[in-house]
2 protein chains.
Amino acid sequence: MIDARLITLRVFARCGTIGATAELTGYSPSAVSAQLRELQRVLGMQLLTKDGRGLRLTATGRFLVAGTDPLIAQWESLRAAAMEAGDQVQSHFGLGGFSSAAAQLLAPLAATLRSTHPLLEVQVLEADPARCFDLLIAERIDLAVIVAMQSDTYGEDDPRFEQRVLLDDPLDVIIPGDHPLASRQTATLEELASEPWITAAAGSTYHTLFTAAFTAVGVTPRIAHEAVEWETHIAFVGAGLGVGLLPRLAPLNGAENVVRLRITGKAKPTRRIVAAVRRGSIASPLIQESLGILQVNANRILTNRLGEDL
Amino acid sequence: MIDARLITLRVFARCGTIGATAELTGYSPSAVSAQLRELQRVLGMQLLTKDGRGLRLTATGRFLVAGTDPLIAQWESLRAAAMEAGDQVQSHFGLGGFSSAAAQLLAPLAATLRSTHPLLEVQVLEADPARCFDLLIAERIDLAVIVAMQSDTYGEDDPRFEQRVLLDDPLDVIIPGDHPLASRQTATLEELASEPWITAAAGSTYHTLFTAAFTAVGVTPRIAHEAVEWETHIAFVGAGLGVGLLPRLAPLNGAENVVRLRITGKAKPTRRIVAAVRRGSIASPLIQESLGILQVNANRILTNRLGEDL
DNA sequence: TCAATCATGCACCTATTCTGCACGGTTATC
DNA sequence: GATAACCGTGCAGAATAGGTGCATGATTGA
């Protein structure tokens, strides 16, 4: 209900180029360019300046964008309160999340919502946490399930979002089936310190998590291989290349020659999974309902997997 | 920058029918109908209900409209702050006011703005105070000059507006040139209590002012004639039909056989002339400048007229 | 019963707005 | 210093949202 061009400006403020803004919002670059030009004309403000081969927000532009944060939060809040007060039904609902969340949490949520609200048009987008925040700003999605992270761009207390902890997803260790410890049910990181480890590329969210887990117990793992997808991690382990960490939410899918062990000891690494919404919108009945469903599903999946795999 | 359909809804909330909303916003009735229908679809809320041959806001609708007041005030405030911070120029500026204000205050203001801001598109609309408030809500105008009044629909402290007193326009008395008191420069209301009075129709803003002036001194005037325009008042007086009150801002235009006297005594009736803007927008540089110009002009006109007529 | 008032649907049209492509300017790379 | 990559913008054409005007049905008051 806030003018679409203002939303576009906010997205631009986030990513800095017309092209990226176009990609995020779903417009073409020309459309974004035209929208921002039109916005400046209507408001009578110069919001952008040429900067090399790109554009840069002017002081006025930054000021305006900063000011829209509470404005949008207030609209979301109003909208949510009206929905609640009037017992109304939403027509569209966008969800976002990273791969294991999308599979384990968002898919059941979407299915549940689809059956309880037949008229509701539910859309799920798989995207990594940073992009989820972008999509929330761009109003492409209304709720995101992500791994908590304090990135350089989005902090935990960003005024544009509200976050609710869904669960702390413990990291298990996965080792080859023929490993000496394979018959055990638990292990400590110290026991595995000398193993060749599989992790993700430096700089990724998971890599940060990985190193944090080991610094907590004061050992330095030997990093042997890198993988992006959990599937690849598991395959590497199955091939005997090394051992790795795997969030309990990520399923083994009956992989050959791979055993999942709980981590015990003083360091029990977890990744915190949170739901994020635009600030103000959290009171919306649909979002409240979704958070409830997510919570239930998260708990159930967690305990189930505990029984299956260990 | 708030969606036009929300503005339309606000106007509807004010006036209650599609037709009146269309007239105020400048759309056609079908367009208003379509806009409101679309708004309900997008928000997924039922905002209106059939009520006889008309429409009525639902509870949700009223809730939503009430909630938009602070939202719009915040946007106006943000916009004003950005304009101020960035030293930017507005492209359109709408003014509204009742007839004598339009002639005496708004016309010079528009002229000044036109010369100091050549690129600014200034539009002046003559409208009575109540309609000026409506036009402010409909965002057809940005600043209104009106006679202060506490109507049943708009109070002094309406959360949608901010008001600044420009001047207290004293009411003079006008009497025929051949009246016994015509050679005097001042008169009291008591002296003229027994005269046949000319006033406006009951229910009008001016009539309220008129009776208030006399109740303040405890006399009941004999109402002989009614007139709407000041021109007509003056003509009636000139024709010897009676005496009347005339704000000092309203010019005699060299009418024949009419004399203007200052009112003295314990009751010095005035009408308070105020400038009204949408809440939040008062910090806008253009509005600040306009208020300054209005103030200067008001004072000058007031003192000038004092010298000319008395 | 008739007229007035009001909202709405429909056909048509206008004007906004988006797309796709080509172009000019800027930066990085070799 | 040439070349390639990247970025924003302008333009023609197309799609579409959104507007108007009129006819219609429903409701109320005379």
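Residue numbers start from 1 in every chain, and the chains themselves are labelled A, B, ... in the order their sequence lines are given, proteins ahead of strands.
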Which comes earlier along DNA chain C counting from the 5' end, the contact point of A:G52 or that of A:R5, where each point is its nearest nucleotide?
A:R5
Scan B:E38 against the nucleic acid and name what it touches under 4.0 Å (heavy atoms): base, sugar-phosphate only, or nothing.
nothing
Would you mind classifying the nucleic acid contact of B:T17 as base, sugar-phosphate or nothing, using non-hydrogen atoms under 4.0 angstrom?
sugar-phosphate
Between B:L143 and B:S290, the two heavy atoms sitting closest are CD1-CB, 4.0 Å
Minimum heavy-atom separation for B:E76 to B:R278, with atom names?
OE2-NE, 2.6 Å
What's the angle between the local helix axes at either end of the helix from C:dT1-D:dA30 to C:dC30-D:dG1, using five pairs per end and rounding to 10 degrees?
20°
It should be established whether [X] places a side-chain nitrogen or oxygen under 4.0 Å from OP1 or OP2 of nucleotide [N].
| X | N | answer |
| --- | --- | --- |
| A:R37 | D:dG10 | yes |
| B:Q35 | D:dG19 | yes |
| B:S33 | C:dT8 | yes |

Nearest whole angstrom, please: distance from the [atom2] of [N] to the [atom1] of [X].
| X | N | atom1 | atom2 | result |
| --- | --- | --- | --- | --- |
| B:R56 | D:dT28 | CZ | C1' | 16 Å |
| B:Y27 | C:dT16 | OH | P | 12 Å |
| A:L36 | D:dG10 | CG | C1' | 15 Å |
| B:L55 | C:dG9 | CG | P | 11 Å |
| A:L39 | C:dC18 | CG | P | 13 Å |
| A:E23 | D:dG8 | CD | P | 14 Å |
| B:D51 | C:dA7 | CG | P | 10 Å |
| B:L48 | C:dC6 | CG | C1' | 14 Å |

Nearest of [options] to any side-chain atom of [X]?
| X | options | value |
| --- | --- | --- |
| A:I18 | D:dT9, C:dC18, D:dG19 | D:dT9 |
| A:S28 | C:dC18, C:dA7, D:dG29 | C:dC18 |
| A:P29 | D:dT9, D:dT28, C:dT8 | D:dT9 |

Does B:L24 form a side chain to side chain contact (heavy atoms under 4.5 Å, CB included) with B:R140? I'd like the steps, not just the answer.
CA-CA 8 Å; B:L24 262 168; B:R140 294 275 297 278; 5.6 Å; no
For residues A:T8 and A:Q35, is any side-chain donor paired with an opposing acceptor at under 3.5 Å?
yes
Testing the 3.5 Å rule here: is there a donor-acceptor pair between the side chains of B:R10 and B:T68?
yes
Mark yes when over 12 heavy atoms from residues, nucleotides or ligands other than B:E38 sit less than 6.0 Å from its CD; otherwise mark no.
yes
Angle between ring planes, A:F210 versus A:H207, binned at 30° and 60°: parallel, tilted or perpendicular?
parallel
Note, A:T49 side chain near A:L55 side chain (heavy atom, < 4.5 Å)
no
I'd like to know if B:S30 reaches the base of D:dG19 with its side chain, counting only an N/O donor and acceptor under 3.5 Å.
no
